[in-house]
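Working notes, beginning with the structure itself.
Residues: numbered from 1 along the sequence shown.
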Amino acid sequence: MTQAETSQFLGTEKIGKLMLKFSIPCVLSLLVSALYNIVDQIFIGNSELSALGNAATGVVFPIFIIAQAFAWCFGDGCAAYLNICQGKKDTQSAHKAIGTGMIITLFTSIVLMAVFFPLKTQLLTLFGASENSIGMAVEYFNIILAFFPVYMLSNMMNAVVRADGSPSWSMASMLVGAIINIVLDPVFIFGLHWGMKGAALATVIGQVVSFVISFLYFFRTKTFKLTKKSFILDFKAFAEALKLGTSSFITQMTIVIISLVCNIMLAKYGAMSRYGVDIPIAIIGIESKVFTVVINLVVGIVLGCQPIIGYNMGAKKYGRVKKLYKSILLCTIIIGAASTLLFELAPRSVVGIFGTPTNIPNPEDYWIFAEKTFRIFLALVTFTCIIKMTSIFFQAVGKPAQAVISSMIRDIICFVPLILILPKFFGIEGILFAAPIADFIAMIVAAALTMVFMRSLKMSRSKQN
């Protein structure tokens, strides 16, 4: 299939068939990506490291997300820009933005390493590490940080691979790396008794393999070609891509801000409660990983559809754009509803996957707080899913302002103030109630933005006719 045929295919094939072709590999790819952190936590929780080990990985997780925020910003931006260029039949701009994005991703990873390494103890303490877990957290973080360039480039390139019409290659990259991680975790943790160091080494070895597979793809791209000129910094082309990736950056950084504020408040009010500091931090760490799986299902569907959305938007086929949105929304609602049932009916079963606590004073308090967290904190997870999906959809259609608003309203404008205020009146449970209240308010805003956008599409179609 030629470049022109590959692009035209996105504007003519049936929507359902396109969604299956592009979304399933993307969903699997992102689920595998989530496994990198989850697998470590499962094996750690079931080892002698137990709950304190889970607390240690939980405080490292937000720093992972910082690196991912930059990588996804550059990668998703370049991907969306590539698809819009395809719809406009512009073959000259995309490769410059992608080459520049790869250089900037590498530079950013080195800067983050230089900043984080000397401040690691302060950072991990800030994100909730206690005197009981700080040693484990530092040991894990040292190894993870050393491989930031590989991790960030792999994430950045994967987004471009998907947008180039090769979601299966992207999936294979992540899948092979995750399988290696899963195989090496028990060998390093249980067989060699390397503890946190073993978990970290298993993760980074998997990341290196994923990076190599993604890198090899750029020698066989479909709709663009990288040359030496692609890597001459072109800030004009990259600026357009950066605008489209801003929503991804904000979405990921809000997770960091939420984790920071949430962990600080959990440590403060946990110390005043029956649960202490380490139980709330460990449970929220588990909740974050489980929540990531649910969100990645939704994000995988809409990101998988991004090439289809971007092409049809660029080609002004607005009827197909609207139909795509409805199909994605239906899938999102189904995922959110199924997750809600699971979290409400079987929270202990979900948390139990991550091991039984053996190194904390009152294990029953661990399970009580776990049930409260999943039943309250994730009560409106369906709304959360729709809000995240809406933000990425706006990014795909080239509406960065709406994407940013959708992303920020729930996390920054609503959740952070609520998490600071409610515990003063309701104690540690107030932190848990902040999430569903924020979801409800943000859902109203996301729905309003979507209706305005759909009305504009209808008007544009009328003018065409």
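Taking OG from S406 and NZ from K388, the interatomic distance works out to 10.0 Å, rounded to the nearest 0.5 Å. Here the CE atom belonging to M152 is positioned 10.0 Å from the CD1 atom belonging to I110, to the nearest 0.5 angstrom. To the nearest 0.5 angstrom, C73 atom SG is 10.0 Å from M156 atom CE. Taking OH of Y366 as the reference point, atom CD1 of I279 lies at 8.5 Å (rounded to 0.5 Å). Taking CG of L260 as the start and CE of M253 as the end, the distance is 10.0 Å to the nearest 0.5 Å. How far CD1 of I258 is from CD1 of I284: 11.0 Å, rounded to the nearest 0.5 Å.
Two residues are said to be in side-chain contact when any heavy atoms from C-beta on lie closer than 4.5 Å; W72 and F249 fail this criterion. Side-chain contact between I189 and L184 is absent, with no heavy atoms from C-beta onward closer than 4.5 Å. Side-chain atoms of M113 and F117, non-hydrogen and from C-beta on, never get closer than 4.5 Å to each other. Counting heavy atoms from C-beta on, the side chains of I143 and M196 never come closer than 4.5 Å. In this structure, the side chains of V160 and Y81 stay at 4.5 Å or more apart for every pair of heavy atoms. Put simply, the side chain of M157 reaches to within 4.5 Å of the side chain of F211, judged on heavy atoms. Between L329 and M389, the closest side-chain pair of non-hydrogen atoms falls below 4.5 Å. Under the 4.5 Å side-chain criterion, counting only non-hydrogen atoms from C-beta, V161 is in contact with F218.
Scored by the ring pair (Phe, Tyr, Trp, His ring centres under 6.0 Å) test, Y217 finds W169 as partners (sequence neighbours excluded). For the ring pair (Phe, Tyr, Trp, His ring centres under 6.0 Å) test, no residue two or more places apart in sequence or in another chain qualifies with W367. T382 is linked by a side chain to side chain donor-acceptor pair (under 3.5 Å) to T340, counting only residues two or more places apart in sequence or in another chain. Under the rule for a side chain to side chain contact (heavy atoms under 4.5 Å, CB included), the partners of L420 that lie at least two apart in sequence or sit in another chain are V261, M265, V416. Evaluation of the side chain to side chain contact (heavy atoms under 4.5 Å, CB included) rule for L342 yields A346, V350 as partners, not counting sequence neighbours. Taking the side chain to side chain contact (heavy atoms under 4.5 Å, CB included) definition, one finds that V294 meets it with I335, S339, F343, V381, C385, sequence neighbours left out. Every residue was checked against the ring pair (Phe, Tyr, Trp, His ring centres under 6.0 Å) condition with F354, not counting sequence neighbours, and none meets it. Residues satisfying the side chain to side chain contact (heavy atoms under 4.5 Å, CB included) criterion with A159, sequence neighbours excluded, are D76, A79, R162. Legend: residues meeting salt bridge (charged side-chain N to carboxylate O under 4.0 Å, His left out) with K243, ordered by chain and number and at least two apart, are E240.
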Begin from the C-alpha positions of V204 and V150 and carry the test side-chain contact (heavy atoms from CB on, under 4.5 Å) through to its verdict.
CA-CA 9 Å; V204 297; V150 167; over 6 Å; no

Does S173 form a side chain to side chain donor-acceptor pair (under 3.5 Å) with S214? I'd like the steps, not just the answer.
CA-CA 6 Å; S173 165; S214 295; 2.9 Å; yes

Verdict with reasoning, I257 to D411, per side-chain contact (heavy atoms from CB on, under 4.5 Å)
CA-CA 9 Å; I257 294 170; D411 297 326; over 6 Å; no

side-chain contact (heavy atoms from CB on, under 4.5 Å), that's the test. Do L201 and F147 meet it? Break it down for me.
CA-CA 10 Å; L201 285 172; F147 286 82; 5.8 Å; no

Decide yes or no on side-chain contact (heavy atoms from CB on, under 4.5 Å) for L324 and I308, but give the supporting numbers first.
CA-CA 8 Å; L324 267 165; I308 317 166; 3.6 Å; yes

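The stretch residues 103-125 participates, sequence neighbours left out, in these side chain to side chain donor-acceptor pair (under 3.5 Å) pairs: K120-N142. For residues 263-274, every residue pair satisfying the side chain to side chain donor-acceptor pair (under 3.5 Å) rule, not counting sequence neighbours, is listed here: R274-D365.
In this structure, I213 and A172 approach most closely via the heavy-atom pair CD1-O, 4.3 Å. Heavy-atom minimum distance, V60 versus A137: CG2-O, 3.8 Å. Of all heavy-atom pairs spanning Y325 and T390, the tightest one is OH-OG1, 4.1 Å. When all heavy atoms are compared, the tightest approach of A114 to P118 is O-CD, 3.2 Å. Nearest heavy-atom pair across F374 and E344 is O-OE2, 4.1 Å. P423 and L418 make their closest contact through CD-O, 3.8 Å (heavy atoms, listed as atom of the first residue, atom of the second, distance).
Aromatic pair F238/F74: ring centres closer than 6.0 Å.
In summary, the side chains of D164 and T221 do not present any donor paired with an acceptor at a separation below 3.5 Å, with no hydrogens or angles considered.
Ring planes of F148 and F64: tilted class, angle from 30 to 60°. Using the six-membered ring where Trp is involved, F116 and F141 have ring planes that are tilted, between 30° and 60° apart.
In this structure, the side chain of T203 engages the main chain of A199 through a donor-acceptor pair within 3.5 Å. A side-chain donor-acceptor contact under 3.5 Å links N158 to the backbone of S154. Remark: side-chain polar atoms of S391 are not paired, donor with acceptor, to backbone N or O of I387 under 3.5 angstrom.
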I'd like a table of donor-acceptor pairs (distance under 3.5 Å, sequence neighbours excluded) in which one partner is a side-chain atom from residues 425-451, with atom names and distances.
{"unit_1": "E429", "atom_1": "OE2", "unit_2": "K372", "atom_2": "NZ", "d": "2.8"}
{"unit_1": "D439", "atom_1": "OD1", "unit_2": "T384", "atom_2": "OG1", "d": "2.9"}
{"unit_1": "D439", "atom_1": "OD1", "unit_2": "R410", "atom_2": "NE", "d": "2.7"}
{"unit_1": "D439", "atom_1": "OD1", "unit_2": "R410", "atom_2": "NH2", "d": "3.3"}
{"unit_1": "D439", "atom_1": "OD2", "unit_2": "T384", "atom_2": "OG1", "d": "3.0"}
{"unit_1": "T450", "atom_1": "OG1", "unit_2": "A446", "atom_2": "O", "d": "2.8"}

